[in-house]
There are 2 protein chains.
Amino acid sequence: MNKTQPSPPCFLPVEEKINRVCMRLPCADRQHVVLTQLFKHIHGRLHERMNVVLREHNVNPVSFTALTMLYSAPDTVLNPSDLADSTGESRANVTRICDELVARGLLSREPNAEDRRRIDLRLAPDGSALVEALLPTLQSRVHSTYNVLNTKEKEQLERLMKKVLGALDQ
Amino acid sequence: MNKTQPSPPCFLPVEEKINRVCMRLPCADRQHVVLTQLFKHIHGRLHERMNVVLREHNVNPVSFTALTMLYSAPDTVLNPSDLADSTGESRANVTRICDELVARGLLSREPNAEDRRRIDLRLAPDGSALVEALLPTLQSRVHSTYNVLNTKEKEQLERLMKKVLGALDQ
DNA sequence: TGGGTTTTGTTCATAGGTGGATAATACAAA
DNA sequence: TTTGTATTATCCACCTATGAACAAAACCCA
């Protein structure tokens, strides 16, 4: 059971630079900077890998997240602002994304009967089909990465990240 | 000692949606999707927090990372492609960033004597001063987040993330 | 019933970022 | 030397994302 994990080669040069910064600026906490950079790098790689898979189907990560959120919604219907909340994108961006998805026939816009300010975004059959086709591929080509961790490690990682996110939430 | 960490409120709606997706698509591994979303959300928050601090000094995160990498370099000199590697940005983007930083007098461009294709980017005194002024602020307003974790948990998190990054590296 | 305040979705100007083409230089091999 | 290939930095066209401003509709409360 290894206690210390060797830095992956791609991260070594970055870690060296962090070490040198901290030598010049003793106030900086090396480990905290390292953690932030790790988050940045991992997120970047994950995003890039998703992009490779999605680009083959002419979708970008944000559009795909939107489709997935719709897929999971009751009746596969959401309003643009729900979608903005779910995806973390700005409402302006959601408008643009939906323009494109509607043009491709992956979802439809319908006026909401109860509140005339609202618009119902409904996932079209082609949209459902796309989500069902892509998720397994993402599963095997992106999410499978986590299988370097054993069950206990995955649980630890989930727990620690939720703790950090909670602290970032205030 | 808590074994399970409650999901922070901001993440609950996302986690619910993930659960519903996985109910409709049993092939999807719920935990892997959750981990990926956690990386995305944490990275987003960290980036946003940094932005708040940096914007007060009219710098964006990429520019600041570039300045920091220069700050840590021997003689505070790097070539544009070194900088692209260090920051993870494209070389085209580095050119644009440096245009701006040079215009603000934070660094200078000098021809490299040994290889005339190269350009030496040298951190100017104002650039050093900016790094030294901003790092402690980032430390207290961003990196301090990690203090919700105790020493052992920080080490665990660092170890687990390095393991994941290593797997993403191939 | 009115008046102000919120919420919703959209538009627009602009900033940020990328891939591909390009010119200049270095290098390697015949 | 010459010739071809690689590398370096830059420029350009294009795509993506954001914040501010806006109009329309809903809400709230005196």
Side-chain angles (χ1 to χ4, degrees), chain A residues 40 43-45 47-52 54-56 58-67 69-70 77-104 107-122, chain B residues 40-41 43-45 47-52 54-67 69-70 77-104 107-122:
Chain A
K40 181 181 156 188
H43 173 263
R45 302 292 174 110
H47 195 264
E48 190 190 339
R49 286 211 180 192
M50 283 189 61
N51 235 324
V52 171
L54 297 180
R55 197 153 32 201
E56 292 166 10
N58 295 308
V59 214
N60 63 32
V62 181
S63 302
F64 182 72
T65 308
L67 291 174
M69 292 296 127
L70 273 169
V77 169
L78 284 179
N79 303 119
S81 26
D82 300 333
L83 209 46
D85 292 341
S86 308
T87 60
E89 301 297 313
S90 65
R91 282 182 303 165
N93 202 23
V94 167
T95 298
R96 192 176 47 79
I97 300 289
C98 290
D99 285 346
E100 187 201 318
L101 295 177
V102 168
R104 292 181 53 186
L107 57 85
S108 64
R109 274 191 245 244
E110 306 164 9
N112 181 300
E114 294 165 14
D115 184 339
R116 282 186 297 166
R117 292 171 306 179
R118 288 171 180 265
I119 293 213
D120 287 347
L121 302 166
R122 167 166 274 119
Chain B
K40 181 181 155 185
H41 281 249
H43 172 262
R45 303 291 174 110
H47 196 265
E48 191 189 339
R49 288 211 178 192
M50 283 189 60
N51 237 323
V52 171
L54 297 180
R55 197 154 32 203
E56 294 166 11
H57 293 76
N58 296 305
V59 214
N60 64 30
V62 181
S63 301
F64 182 71
T65 309
L67 289 175
M69 290 298 127
L70 272 170
V77 169
L78 285 178
N79 304 120
S81 27
D82 299 333
L83 209 45
D85 293 341
S86 308
T87 60
E89 301 297 312
S90 65
R91 280 181 300 168
N93 203 21
V94 167
T95 297
R96 194 174 47 78
I97 299 288
C98 290
D99 285 347
E100 189 200 319
L101 295 178
V102 168
R104 294 182 51 189
L107 57 84
S108 63
R109 275 191 245 243
E110 306 163 8
N112 180 299
E114 292 165 13
D115 184 339
R116 283 186 297 166
R117 291 172 305 181
R118 287 171 181 262
I119 291 213
D120 287 345
L121 302 167
R122 165 167 275 118

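Regarding contacts with the backbone of D/dT8, a side-chain N or O of B/Arg118 is found under 4.0 angstrom from either OP1 or OP2. Distances shorter than 4.0 Å separate none of the side-chain N or O atoms of B/Ser81 from OP1 or OP2 on D/dT7.
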| task | Check the pair A/Met69, A/Leu78 against side-chain contact (heavy atoms from CB on, under 4.5 Å), reporting the backbone distance first and the verdict last. | result | CA-CA 8 Å; A/Met69 292 296 127; A/Leu78 284 179; 4.3 Å; yes
| message | The test is side-chain contact (heavy atoms from CB on, under 4.5 Å); show your working for A/Asp99 and A/Arg109 and say whether it passes. | response | CA-CA 9 Å; A/Asp99 285 346; A/Arg109 274 191 245 244; 2.2 Å; yes
Enumerate the protein-to-nucleotides 15-23 of chain C contacts in which both atoms are nitrogen or oxygen and the separation is below 3.5 Å.
residue : atom : partner : partner atom : Å
C/dT18  : OP2  : B/Ser90 : OG           : 3.4

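Between the CG atom of B/Asn112 and the C1' atom of D/dT7 there is a distance of 13 Å, rounded to whole Å. The distance from atom CZ of A/Arg117 to atom C1' of D/dC27 is 8 Å, rounded to the nearest whole Å. In this structure, the CZ atom of B/Arg109 is 16 Å from the P atom of D/dT8, given to the nearest Å. With rounding to whole Å, B/Ile119 atom CD1 is found 13 Å from C/dA26 atom P. Between B/Asp115 atom CG and C/dA26 atom P the separation is 5 Å, expressed in whole Å. Atom CG in A/Asn79 sits about 13 Å away from atom P in D/dA26, given to the nearest Å. Regarding B/Glu48, its CD atom lies at a distance of 16 Å from the P atom of D/dA17, rounded to whole Å. Between A/Glu114 atom CD and D/dC27 atom C1' there is a gap of 15 Å when expressed in whole angstrom units.
Closest to the side chain of A/Arg116, from the set D/dA26, D/dT8, D/dA9, is D/dA26. Here C/dT8 is the nucleotide among C/dT8, C/dT25, D/dT10 with the atom lying nearest to any side-chain atom of A/Arg91. Here the side chain of A/Asp99 is nearest to one of C/dT8, C/dT25, C/dT11, namely C/dT11.
Annotation: side chain of B/Ile119 is not in contact with side chain of B/Asn79 (no heavy-atom distance under 4.5 Å).
In summary, A/Asp120 and A/Arg122 do not engage in a salt bridge, as defined by a charged side-chain N under 4.0 Å from a carboxylate O.
Defined by atom type and a distance below 3.5 Å, a donor-acceptor pair is present between the side-chain atoms of A/Ser63 and A/Asn60.
Closest heavy-atom contact between A/Pro61 and A/Asn51: CD-OD1, 3.6 Å.
Atoms CE and OG1, from A/Met50 and A/Thr65 in turn, are 5.5 Å apart once rounded to the nearest 0.5 Å.
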